[in-house]
2 protein chains.
Amino acid sequence: MARRSEHSKEEIKSMVLGAAKGLIEEEGLAGLSARKLANQIGYTVGSLYMVFENLDDLILHANAVTLDELYQQLQVTVVEGDNPQATLQILAQTYIEYAMANPNRWNAVFEHHLPEGQQAPEWFQQRVDQIFALVEQQTSRLNIDRKKAVMSARALWSGVHGICVLYMTNKLHLPDEIQVQSLVEDLVSNYLGKL
Amino acid sequence: MARRSEHSKEEIKSMVLGAAKGLIEEEGLAGLSARKLANQIGYTVGSLYMVFENLDDLILHANAVTLDELYQQLQVTVVEGDNPQATLQILAQTYIEYAMANPNRWNAVFEHHLPEGQQAPEWFQQRVDQIFALVEQQTSRLNIDRKKAVMSARALWSGVHGICVLYMTNKLHLPDEIQVQSLVEDLVSNYLGKL
DNA sequence: ACCTGAACACCGTTCAAGT
DNA sequence: ACCTGAACACCGTTCAAGT
């Protein structure tokens, strides 16, 4: 039993990533397993190791898809004419909207950790940088020097991300009268100095 | 083979939590396992289920110890006479210091997720609230109304936490000339409106 | 009552063997 | 060259059986 060659490596790769997307969406990262993936695409477990180094590599690729999708969504909200402050507000809101719309996939990006010493490969890090770049593009338009613009983008985006993380993991414990959205708005507008 | 009664349930509980602390510290949350824990305390796996509901319950308790320790460290840095702005800066710096000093245990608190629908028990949530309360105590001293003070505490602390998360998981990608500490300082001082 | 040890249903990863 | 299927070394959790 072997030698089927029904699909190219690239085809198998995208079949796996498609299955991974579905599994994470429905059961969370913890619900993902090599055997479940193999089963869904109609191959046996061993086959996964033909196209991915290991599960970590596979998850990294699945998370890259998520980051690309998020980047895409953020990008389309940027309107040329708007001032940077307003654009940053919109970017921040779009970010939590995306997280709330895709909780498990968004979570997977930050839940997943490589073993102790290892760090993510370049192609993955670029996906993260791409998003920071979108923010930096706006902070650069404020009346501040280059270094300050880089810092502001990091500080601001980390801040929005922090609210998102705690909210998504039920650790924010907001009183009912306060919405996450207004918390994000508050953070951004206060940081930028009341519009 | 059975019936030893060498230790009370409470004793076993704290032996397990001690072992868990060590294991997480050295190998991270992923390095924790029921068999390793049992081995370290000189009991068999089944015994763990005498004193904890399951591994999630056990981890929750281990994380509570971490949160208590963090709370303790934050609390001692608050000096009565200082103004709220300065105190908030100190709290924020102490927070990342703690995370950097105890990366794996700090990480475990936020890496750990309960299965889908479940949410953390009251006694755990209180540990999180306790820390927010410390921040709220300071924002309350600013010239703003009650609701704004609650929001500021959440927004500010989430922001600091966000920087911490991305930094600790190597997703911040800071240029060498920028320190995390100055990023935190920047976030807090800008949010509070340049001291 | 306390604890064991074996069992159950799962994991990720490897690799000789089959086509 | 491609893929399988079985094996290996692990998991968390349960529970009859022993003292």
Side-chain angles (χ1 to χ4, degrees), chain A residues 1-17 19-20 22-24 26-63 108 111-118 120, chain B residues 1-17 19-20 22-24 26-63 108 111-118 120:
Chain A
M1 242 166 256
R3 162 97 81 161
R4 312 194 308 181
S5 305
E6 289 168 4
H7 306 278
S8 72
K9 281 197 179 184
E10 282 313 312
E11 280 174 322
I12 296 179
K13 221 165 182 166
S14 72
M15 286 163 69
V16 174
L17 288 180
L23 267 171
I24 293 174
E26 282 160 39
E27 306 186 39
L29 186 59
L32 191 80
S33 87
R35 283 174 173 84
K36 280 190 200 165
L37 283 171
N39 210 43
Q40 284 211 4
I41 65 161
Y43 278 80
T44 55
V45 226
S47 312
L48 297 182
Y49 294 82
M50 288 168 33
V51 287
F52 293 105
E53 268 186 53
N54 49 40
L55 254 213
D56 278 327
D57 180 40
L58 192 159
I59 293 169
L60 237 28
H61 278 88
N63 285 343
E111 204 175 324
H112 179 245
H113 297 300
L114 292 171
E116 273 301 35
Q118 281 181 59
Chain B
M1 242 168 255
R3 161 97 81 163
R4 312 195 308 183
S5 304
E6 288 167 6
H7 306 279
S8 71
K9 280 198 178 183
E10 282 313 311
E11 280 174 324
I12 295 179
K13 220 165 183 167
S14 72
M15 285 163 69
V16 174
L17 288 180
L23 268 171
I24 294 174
E26 282 159 40
E27 305 186 39
L29 186 59
L32 192 78
S33 88
R35 282 172 173 83
K36 280 189 200 166
L37 282 171
N39 210 43
Q40 283 210 5
I41 65 162
Y43 279 79
T44 56
V45 225
S47 313
L48 297 182
Y49 294 82
M50 288 168 33
V51 289
F52 292 106
E53 266 185 55
N54 49 41
L55 253 214
D56 278 328
D57 181 40
L58 193 159
I59 293 169
L60 237 29
H61 277 88
N63 284 344
E111 203 174 324
H112 178 246
H113 296 300
L114 292 171
E116 274 301 35
Q118 281 181 58

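Quick note on labels: first sequence line is chain A, next is B, and so on, each numbered from 1. Any value given below was found using the heavy atoms of this structure, including those in side chains, with hydrogens, waters and symmetry copies removed.
We find the NZ-CE distance between Lys13(A) and Met50(A) to be 11.0 Å, quoted to the nearest 0.5 Å. Put simply, CG on Leu17(B) and CG on Leu58(B) are 6.0 Å apart, with the number rounded to the nearest 0.5 Å.
Applying the side chain to side chain donor-acceptor pair (under 3.5 Å) definition to pairs two or more places apart or across chains, those involving residues 50-59 of chain A are Asp56(A)-His112(A), Asp57(A)-His61(A).
In this entry the distance linking CE of Met50(A) with P of dC2(D) reads 7 Å, nearest Å. If you measure from atom NZ of Lys13(A) to atom P of dC3(D), you get 14 Å, rounded to the nearest angstrom. Here dC3(D) presents its C1' atom at 13 Å from CE of Met15(A), a figure rounded to the nearest Å. When rounded to the nearest whole Å, the span between NE2 of His7(B) and P of dC2(C) equals 14 Å. The interatomic distance linking Asn39(A) (CG) with dG5(D) (C1') rounds to 14 Å, in whole Å. Ile41(B) places its CD1 atom 13 Å from the C1' atom of dT4(C), with the value rounded to the nearest Å. dC3(D) atom C1' lies 16 Å from atom CD of Glu11(A), rounded to whole Å.
Take Ser33(B) and apply the side chain to side chain contact (heavy atoms under 4.5 Å, CB included) test, not counting sequence neighbours, and it matches Arg35(B), Lys36(B). Here Glu116(B) pairs with Asn104(A) under the side chain to side chain donor-acceptor pair (under 3.5 Å) rule; sequence neighbours left out.
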If you look only at distance, which donor and acceptor atoms sit under 3.5 Å apart when one is on a side chain in residues 37-44 of chain A and the other is two or more places apart or in another chain?
{"from": "Tyr43(A)", "atom 1": "OH", "to": "Arg4(A)", "atom 2": "NH2", "distance (Å)": "3.3"}

Which protein N or O atoms sit under 3.5 Å from an N or O of nucleotides 11-13 of chain C?
{"from": "dC11(C)", "atom 1": "OP1", "to": "Ser33(A)", "atom 2": "OG", "distance (Å)": "3.4"}
{"from": "dG12(C)", "atom 1": "OP1", "to": "Ala34(A)", "atom 2": "N", "distance (Å)": "3.4"}
{"from": "dG12(C)", "atom 1": "OP2", "to": "Ala34(A)", "atom 2": "N", "distance (Å)": "3.0"}
{"from": "dG12(C)", "atom 1": "N7", "to": "Arg35(A)", "atom 2": "NH1", "distance (Å)": "2.5"}
{"from": "dG12(C)", "atom 1": "O6", "to": "Arg35(A)", "atom 2": "NH2", "distance (Å)": "2.8"}
{"from": "dT13(C)", "atom 1": "OP2", "to": "Tyr49(A)", "atom 2": "OH", "distance (Å)": "2.6"}
{"from": "dT13(C)", "atom 1": "OP2", "to": "Leu55(A)", "atom 2": "N", "distance (Å)": "2.9"}
{"from": "dT13(C)", "atom 1": "O5'", "to": "Tyr49(A)", "atom 2": "OH", "distance (Å)": "3.2"}

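In this structure, Ala108(B) and Asn63(B) approach most closely via the heavy-atom pair O-ND2, 3.2 Å. Residue Ala120(A) comes nearest to Leu114(A) through the heavy atom pair N-CD1, 3.4 Å, listed as atom of the first residue, atom of the second, then distance. Here the closest heavy-atom approach between residue Glu11(A) and residue Glu6(A) is recorded as OE1-O, 4.0 Å.
In DNA chain D, stems built from 3 or more consecutive Watson-Crick or G-U wobble pairs, each with both distances under 3.5 Å, span C:4-8 with D:12-16, C:12-16 with D:4-8.
For dT4(D), one of the phosphate oxygens OP1 or OP2 lies less than 4.0 angstrom from a side-chain nitrogen or oxygen of Ser47(A).
Residue Ile12(A) is in sugar-phosphate contact alone, with no base atom involved, counting any heavy-atom pair closer than 4.0 Å across all strands shown.
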